[in-house]
Amino acid sequence: MSDPPQSRGRRTRAQLLEQAVTLFAERDFASVSVAEIAAAAGAHPNQITYYFGSKDALFVHAAFLMLLRDAERLKPVGQRQRTPRAFCEAMARTALALPAVPVAVRAMSITRHRLELQPLAQHNLTLLFRLAERYLAAVLERHDWVIDRPAAVEARTFWSAVLGARLISESGFGGCSSDIDLAGVLTVHAKETPAVASPA
């Protein structure tokens, strides 16, 4: 018995998205064609238009899926650190090197001119910030560390700095990642031990 059309449609859409993720991870946006993505997914090019609306929209979907998956790679890196400073430095170093970051920056640049795609970007950025906030809260609780502002602000500030740093780099500004104190954006530190009053 064959799958119902709705199930086949979901599977086709998922396959198109997965193949887009693979191809856009390997090559830049311009060098990947709609026909190539469709062929890799065993679909027809017009199915990309049907399920996503356009190549731009598929790229934005794929870019944020890549970013959310890459962001998961930060978790074990952060969990291995034993001091707040080591945590901040490891998170900054790893985040800047994530392959999906420049792809996400390109996707956001597309949404600037494609207003209908902005809600998609906003939804995925909100999800990224929330996942980062939850992860940060868990790390703080595990190590009994603290931050100087709400976890939601800390998470959003960190990722905004990561994406902004990459945008500056993509814009052709010289320098290297060590020129940016991304670790300094995070305010994670150990709790201060209350001073013990000396006996009179």
Might you point out which heavy atoms bring [X] and [Y] nearest each other, and give the distance in Å?
X	Y	result
Ala161	Val185	CB-CG2, 4.0 Å
Ala43	Leu16	CB-CD2, 3.9 Å
Ala92	Ala183	CB-N, 3.5 Å
Pro84	Ala190	CG-N, 3.6 Å
Gly78	Tyr135	CA-OH, 3.2 Å
Ala30	Lys55	O-NZ, 4.1 Å

So Phe24 and Ile37, side-chain contact (heavy atoms from CB on, under 4.5 Å) or not? Walk me through it.
-> CA-CA 9 Å; Phe24 287 132; Ile37 297 169; 3.9 Å; yes
[X], [atom1]: over 12 other non-hydrogen atoms inside 6.0 angstrom:
X	atom1	answer
Arg112	CZ	no
Arg130	CZ	no
Arg156	CZ	no
Glu26	CD	yes

Going from [atom1] on [X] to [atom2] on [Y], what distance comes out if it is rounded to the nearest 0.5 angstrom?
X	Y	atom1	atom2	answer
Leu98	Arg73	CG	CZ	5.5 Å
Leu58	Gln19	CG	CD	11.0 Å
Thr111	Gln118	OG1	CD	5.5 Å
Leu68	Leu125	CG	CG	9.0 Å
Thr22	Arg27	OG1	CZ	11.5 Å
Phe158	Met91	CZ	CE	5.0 Å

Cluster question for you: counting only ILVMFWY and a side-chain heavy-atom cut-off of under 4.5 Å, with indirect links fine, are Val21 and Leu127 together?
-> yes
Mind checking whether Tyr50 and Leu117 sit in one hydrophobic cluster, side chains of I, L, V, M, F, W, Y counted as touching below 4.5 Å?
-> yes
Check this for me, if you would: do [X] and [Y] make a salt bridge, where the nitrogen-to-carboxylate-oxygen distance has to be below 4.0 angstrom?
X	Y	value
Glu18	Arg13	no
Glu141	Arg134	no
Arg93	Glu89	no

Would you check if the side chain of [X] reaches a backbone N or O of [Y] as a donor-acceptor pair within less than 3.5 Å?
X	Y	result
Ser31	Asp28	yes
Asn124	Phe64	no
Glu154	Ile147	no
Ser109	Arg106	yes

Do [X] and [Y] have side chains that approach each other closer than 4.5 Å (heavy atoms only, starting at C-beta)?
X	Y	result
His143	Arg82	yes
Pro99	Asp70	yes
Met108	Leu167	no
Leu67	Val101	yes
Phe59	Asp56	no
Arg149	Thr187	yes
Tyr51	Leu17	no
Val188	Leu136	yes

Please work out which of the three classes, parallel, tilted or perpendicular, describes the rings of His61 and Phe52, given edges at 30° and 60°.
-> perpendicular
Going by atom types only, do Thr12 and Gln47 share a side-chain donor-acceptor pair under 3.5 Å?
-> no
Just do the side-chain contact (heavy atoms from CB on, under 4.5 Å) check on Lys191 and Trp145 with the steps written out, would you?
-> CA-CA 6 Å; Lys191 287 183 178 178; Trp145 295 340; over 6 Å; no
